[in-house]
Amino acid sequence: VFGKDVTLILILNNLSFDRKTVKVDFSASTILYTRRAVAEIMKANTSVDLGSKQGKHIRLKIPYSYYGKYLTTDKRIQVTALCEVMHTHGAKLLVEKTIILEDTNIIIKIPRRVVVNKAVTLEISYANPLPEPVNHCLLLVTLMNQQVKIHLAKLAPRERSKIYFEFTPRRTGPLQLQVDFSCDKFSHVKGFVTITVAPA
């Protein structure tokens with residue numbers, strides 16, 4: 001989840017009866033959705049001894065403090081592990097994993113029944129998932145082809161807050177509401193719901 005440390009586990013299995021030593025070079029970078037690298041955020045290496053038919057787990061932790069300021073709005077991190085079996089003729093294996101960090105920031109609550117030409121109040125809650133405060137918070141609400149900008153107070157670390165948004169639907173059928181939350185530390189955290197408007 002965005003704002004928290006990322007933990008990965010690499011599983012190595014020795015399928016032969018011979019003992020093996022494997023050297024592992026880890027590298028992690030923030031990337032765009034096109035897979036183009038933005039910034040290298042971590043390098044680490046280790047070596048593992050594997051007995052006959054033995055398997056081992058290697059844990060890699062990427063703290064938020066390493067990736068936070070280099071993450072793009074795509075919220076993607078690519079991790080590679082180059083595994084080299086020592087004392088052999090260049091036996092190597094490259095493992096790649098792309099992580100897309102999830103947002104859990106926006107929660108939209110709508111009444112059970114929404115009726116045309118009758119005012120309705122929605123509850124929109126938003127959060128700061130980071131271990132540091134955020135400022136210049138802005139909520140952009142898009143509904144019925146109109147956008148409303150709402151400037152919000154700053155949020156403390158891990159704080160959740162909420163606002164109430166009132167509108168009157170002018171036609172029956174499905175309506176899509178989109179919410180976009182931005183601040184000085186991250187931007188474009190989105191949430192949306194489809195509201196079914198009933199006849200009066």
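Within the model, atoms OG1 of T80 and CG of D25 stand 9.0 Å from one another, a figure rounded to the nearest 0.5 Å. Note: F26 CZ to L82 CG = 10.5 Å, rounded to the nearest 0.5 Å. Separating the OG atom in S27 from the NZ atom in K43 is a distance of 4.5 Å, to the nearest 0.5 Å. To the nearest 0.5 angstrom, T21 atom OG1 is 4.0 Å from D49 atom CG.
Checked against I77 for a side chain to side chain contact (heavy atoms under 4.5 Å, CB included), the options T98, I100, I31, I41 give a single hit: I41.
Residues T72 and Y33 are not in side-chain contact: their nearest non-hydrogen atoms beyond the backbone lie 4.5 Å or more apart. No side-chain heavy atom of I107 sits under 4.5 Å from any side-chain heavy atom of I124. Looking at T168 and R170, their side chains come closer than 4.5 Å, going by heavy atoms from C-beta outward. No side-chain heavy atom of N13 sits under 4.5 Å from any side-chain heavy atom of Q54. Two residues are said to be in side-chain contact when any heavy atoms from C-beta on lie closer than 4.5 Å; L60 and L10 fail this criterion. Between P111 and T121, every side-chain heavy-atom pair lies at or beyond the 4.5 Å cut-off.
A salt bridge between R158 and E132 is absent, with no side-chain N of the basic residue lying under 4.0 Å from a carboxylate O of the acidic one.
Partners of K162 under the side chain to side chain contact (heavy atoms under 4.5 Å, CB included) rule, at least two apart in sequence or in another chain, are E123, S125, Y164.
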- prompt: Given L101 and L71, is the side chain to side chain contact (heavy atoms under 4.5 Å, CB included) satisfied, shown in steps?
  reply: CA-CA 10 Å; L101 298 172; L71 209 59; 3.7 Å; yes
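Evaluation of the ring pair (Phe, Tyr, Trp, His ring centres under 6.0 Å) test over residues 178-200, restricted to residues two or more places apart or in two chains, returns F2-F186, Y126-F181, F181-F186.
For the pair S182 (side chain) and L138 (backbone), a donor-acceptor distance under 3.5 Å is absent. At distances below 3.5 Å, at least one donor-acceptor pair connects side-chain atoms of D5 with backbone N or O atoms of Y64.
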